[in-house]
Number of protein chains: 2
Amino acid sequence: MILDAARARFAKEGYAGATIRKIAGDAGVDAALVMQFFGSKDELFGAVMSITPNALSHFSDSFVGPEHSLGERVTRAFFEVWEGDPEDSEPLMAMLRAAISNEQATSLLREFIQARLAKALIGRLPNDHAATIRAGVASSMLVGLIVGRRIVKVPALVGEDTESLIGIIAPAVQAILSGEDDT
Amino acid sequence: MILDAARARFAKEGYAGATIRKIAGDAGVDAALVMQFFGSKDELFGAVMSITPNALSHFSDSFVGPEHSLGERVTRAFFEVWEGDPEDSEPLMAMLRAAISNEQATSLLREFIQARLAKALIGRLPNDHAATIRAGVASSMLVGLIVGRRIVKVPALVGEDTESLIGIIAPAVQAILSGEDDT
DNA sequence: TAACGAACTCAACTTGCGTTGAGTTAATTG
DNA sequence: CAATTAACTCAACGCAAGTTGAGTTCGTTA
């Protein structure tokens, strides 16, 4: 399937690195066919980028439960999606990689962090300005960990299993979401 | 100056996006001259990427002081460097942007997070395995905030002034560095 | 079985890139 | 002033990319 090949390539090599010819090759097909189906590389990319319903519900579910363990549930859900089924994580990875070099991807990732994650959170927390900001901060921090672990491959993060990381990160996420600050 | 133009372009547009022709144009010079000076695009990029001594000492200094405000000092130093003098922040931005698509940049950023930041931290904390990991986690989280604020431009982060963000983030960084976890 | 349309290939075009080598200006120095 | 070197431009190469249009296979349907 062309879409599968495209998703994997965009996730691994970013927007510029993934060429139509390579994607077509992976799918055992001529590059011109990809063009006929999707019109352009941009449109193919748009078709690939998405947040799967499964990933979304995973995030949403994590907000249900006692507040004292909110940070841990959110952190765990985040890792489960980003390091779980490629079907769910590859579109996210494609967005993240491409967001650095492609404007279209940037706005999609922006919408993901802001609208989706924040909206899911706001139902569970005071729906005010501060909650939105805290949601944005927590999301960006968690994305930063994915960047470190999966893209930059910081040894300290790569060599650690998910549970240990969650043990370290969860309290920090909790601190942000529950709003114990200095101001 | 060619190096100034290159630094700005790499920081704004990443490795692939910044072309030799555009850099040469910014510097009011022919592309061929850039080649004669630096040999190749890779070497030009290598000449641009760096952590300035000023940025480094900024980070180091932030570890000096009482432990209960360590998180706040580190967070503040981080923002001061990344949002301060372009002379210091642009090479970092160039590294970060390029790290997604260029292998050479990936290892440089890896070294930055691991060797430099972590090493500076380890002098101040128990020099064990756990401290290295905590340093990696904190660094990646902070980088994630830069990604959100400066690259993806998440509205919640862009619209907030630095001090408010530090107030939210510092306790989380403190939680990670001081080691109050769940395990 | 004939015909139609979808799925697909082939060869080529265009553009922009990094890069090169030969040539030109400008500055330095003996 | 002559000459050597450094700073620089020009025109072009080769390549890989996205894209195109004409042609081909092939399964479905009348």
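So that the names make sense, note that chain A is the first sequence line, chain B the second, and so on, each numbered from 1. The shown structure was predicted, so the numbers you read here are calculated from the model rather than taken from an experiment.
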Are the side chain of Arg149(A) and the backbone N or O of Ala156(A) linked by a donor-acceptor pair below 3.5 Å?
-> no
Is a side-chain donor or acceptor of Arg97(B) paired with a backbone partner of Glu13(B) at a separation under 3.5 angstrom?
-> no
If you look at every heavy atom in Arg134(A) and Leu177(A), which pair is closest and at what distance?
-> O-CD2, 4.1 Å
Look at the side chain of Ser140(A) and the backbone N and O of Gly136(A), then say whether any donor-acceptor pair between them is shorter than 3.5 Å.
-> yes
Whole-Å distance between dA7(C) P and Phe38(A) CZ?
-> 11 Å
In the 5'-to-3' direction, what one-character label does each nucleotide of nucleotides 6-20 of chain D receive under the scheme B = base within less than 4.0 Å of a protein heavy atom, S = sugar-phosphate only, - = no such atom?
-> --BBB-B----BBBB
Would you say Val158(B) and Ile133(A) are hydrophobically clustered, going by side-chain heavy atoms of ILVMFWY under 4.5 Å?
-> no
